[in-house]
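Worksheet for the structure shown next.
The residues of the chain are indexed from 1 along the displayed sequence.
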Amino acid sequence: GITDFGGPEALRVYDVAAPHAGPGEVRINVRCAAVNPTDTYTRNGSRSGVPHVDSPHVPGMDVAGVVDEVGPGVTTVAVGDDVMAIVVPKEGYGGYSEYLVVPQRSVVHVPAGRTYAEACTIPMNALTARLSLDLLALRPGSTLAVTGSAGTYGAYVVELAKADGLRVIADSSEADESLVRSLGADVVVRRGPDVAQRFLEQVPGGVDGIADGSVQNEALLAAVRPGGGFATVRGWSGNTNPDVTVHHVWVREYAQEWEKLDHIRELVESGAVSLRVAGRFPAAQASEAHRLLERGGARGRFVIEF
């Protein structure tokens, strides 16, 4: 965690009191935590309150591990189960923790045959993609455009959209094209500042919706048909086109959507959703995982191991 905002070197190992599960809660002995862009914003201060000098702020919204304590009323998991969970940091404490307490509705079993490292890349990232698609509410057969398709969010959007019966146009660099095609995209266009025009070349009247993983915002609006939707994951509010509905995707709204996360688990087990781990680091080297993430170009998530 951190006690002062800063670069990756601000991350330190701290000893704190172990939490305990209350009613409806589960304590997880965390084995792996995914490193996400939002964690770097917590660390550098661009998306956080002022840290308490006497108590570390701990990033992390994705974990996998073993249930080692359950509170009264917990029925979905038991001590000894391998689980994954989405984490909404509480009182400054997030997923980069050896022991972590979360609501039982934030926890589901690890997909059969998958490792903790693979599983911890799922909850927050895949639920963000799921919420994006739910907000867009496109009917089967509709056309969805996805930017940042080779990234973790974009890849989950593509695969979940195909599972929903959508036609997907995805962007990609030349180097990532085989990866994006393997996700199931129906059409792949070259990424870049003119990607909206490339989408329009495929759908002259405009696509039904866009999931903007590359955060191009207004540069993409022209590619959406009148009455279409636009999913933004960074809180963009500069829409000047009244014919396009912008949907703000805040994954905390789905932090206890147990059924949706468990369905994603089923899709992983069926092979409809794939998983990618970019690298693994012991907790004491969490700063290196942050450095590599901020450098860009990773395909999959870096993982901190406990």
Side-chain angles (χ1 to χ4, degrees), residues 1-14 16 30 32-53 55-63 85-97 100 102 106 120-132 135 147-148 150-157 211-218 230-238 246-255 276-279 281 283 285-304:
I2 60 167
T3 52
D4 293 293
F5 297 131
E9 69 282 353
L11 287 166
R12 296 283 189 274
V13 176
Y14 297 89
V16 298
V30 176
C32 291
V35 178
N36 294 293
T38 189
D39 304 345
T40 67
Y41 306 147
T42 297
R43 188 211 71 230
N44 66 27
S46 61
R47 191 183 293 176
S48 179
V50 177
H52 302 293
V53 294
S55 180
H57 276 215
V58 181
M61 294 187 69
D62 278 309
V63 301
I86 179 173
V87 182
V88 176
K90 183 179 181 181
E91 297 178 353
Y93 288 93
Y96 296 5
S97 308
L100 185 71
V102 292
S106 297
C120 80
T121 69
I122 300 171
M124 188 274 281
N125 289 284
L127 281 173
T128 303
R130 181 68 267 162
L131 177 56
S132 300
L135 290 170
T147 66
T152 302
Y153 164 78
Y156 279 129
V157 171
D212 184 21
S214 62
V215 197
Q216 294 191 50
N217 299 327
E218 64 274 6
F230 186 97
T232 174
V233 294
R234 297 286 176 84
W236 173 61
S237 58
V246 172
H247 302 281
H248 295 272
V249 182
W250 302 113
V251 72
R252 291 176 183 230
E253 297 175 9
Y254 268 17
R276 280 165 294 282
V277 175
F281 299 84
Q285 295 178 19
S287 59
E288 183 62 17
H290 274 232
R291 286 190 187 95
L292 290 173
L293 178 62
E294 290 181 314
R295 189 174 70 183
R299 295 298 171 250
R301 286 287 180 237
F302 295 108
V303 171
I304 297 170

How many angstroms lie between atom OG of Ser287 and atom CD of Gln285, to the nearest 0.5 angstrom?
-> 7.5 Å

Separation of Asn125 CG from Arg301 CZ (nearest 0.5 Å) | 4.5 Å

Residues Phe281, Leu292; criterion side-chain contact (heavy atoms from CB on, under 4.5 Å); working and verdict = CA-CA 11 Å; Phe281 299 84; Leu292 290 173; 3.4 Å; yes

What's the shortest heavy-atom distance between Ile304 and Ala283, and which atoms?
-> CG2-CA, 3.5 Å

Looking only at heavy atoms, the pair that brings Gly60 and Asp39 closest together is N-OD1, 3.4 Å

Backbone N or O of Ser214 within a donor-acceptor pair of the Thr147 side chain at under 3.5 Å?
-> yes

Are Asp212 and Asn217 close enough that some pair of their side-chain heavy atoms sits under 4.5 Å apart?
-> yes

For Tyr14 and Gly1, which heavy atoms make the closest approach, and how far apart are they?
-> CE1-O, 3.3 Å

List for me each residue that meets salt bridge (Lys or Arg N to Asp or Glu O under 4.0 Å) alongside Glu294, sequence neighbours excluded, and say none if there are none.
-> Arg43

Taken in chain and number order and not counting sequence neighbours, the residues that satisfy salt bridge (Lys or Arg N to Asp or Glu O under 4.0 Å) with Arg252 are none

Could you walk me through whether Thr121 and Thr152 pass the side-chain contact (heavy atoms from CB on, under 4.5 Å) test, one step at a time?
-> CA-CA 9 Å; Thr121 69; Thr152 302; 5.5 Å; no

Go through the structure and list residues passing side-chain contact (heavy atoms from CB on, under 4.5 Å) with Leu135, not counting sequence neighbours.
-> Leu131, His247, Val249

In chain order, what residues pass the side-chain contact (heavy atoms from CB on, under 4.5 Å) check against Arg234, with sequence neighbours excluded?
-> Pro37, Tyr41, Arg47, Val215

Donor on one side chain, acceptor on other, Ser46 and Asn44, under 3.5 Å = yes

What distance separates Asp62 CG from Thr128 OG1, expressed to the nearest 0.5 Å?
-> 8.0 Å

Between Gly95 and Ala33, the two heavy atoms sitting closest are O-CB, 3.6 Å

Side-chain contact test, heavy atoms from C-beta onward, threshold under 4.5 Å: evaluate it for Pro89 versus Met61 and give yes or no.
-> yes

What is the distance from atom CG of Leu127 to atom CD1 of Ile122, rounded to the nearest 0.5 Å?
-> 10.0 Å

His290 NE2 to Leu11 CG distance, which is reported to the nearest 0.5 Å | 5.0 Å

Go through the steps to decide whether Val35 and Tyr96 satisfy the test side-chain contact (heavy atoms from CB on, under 4.5 Å), and finish with yes or no.
-> CA-CA 9 Å; Val35 178; Tyr96 296 5; 3.6 Å; yes

For Cys32 against Cys120, the heavy-atom pair lying closest together | O-CB, 3.6 Å

Shortest non-hydrogen separation from Val16 to Pro56 and the atoms involved | CG1-CG, 4.1 Å

Pairing residues for Trp236 by the ring pair (Phe, Tyr, Trp, His ring centres under 6.0 Å) criterion, not counting sequence neighbours | Phe230

Counterpart residues, ring pair (Phe, Tyr, Trp, His ring centres under 6.0 Å), relative to Tyr156 (two or more places apart) = none

Which of Asn36, Val277, Leu293 passes side-chain contact (heavy atoms from CB on, under 4.5 Å) with Phe302? Answer is Leu293

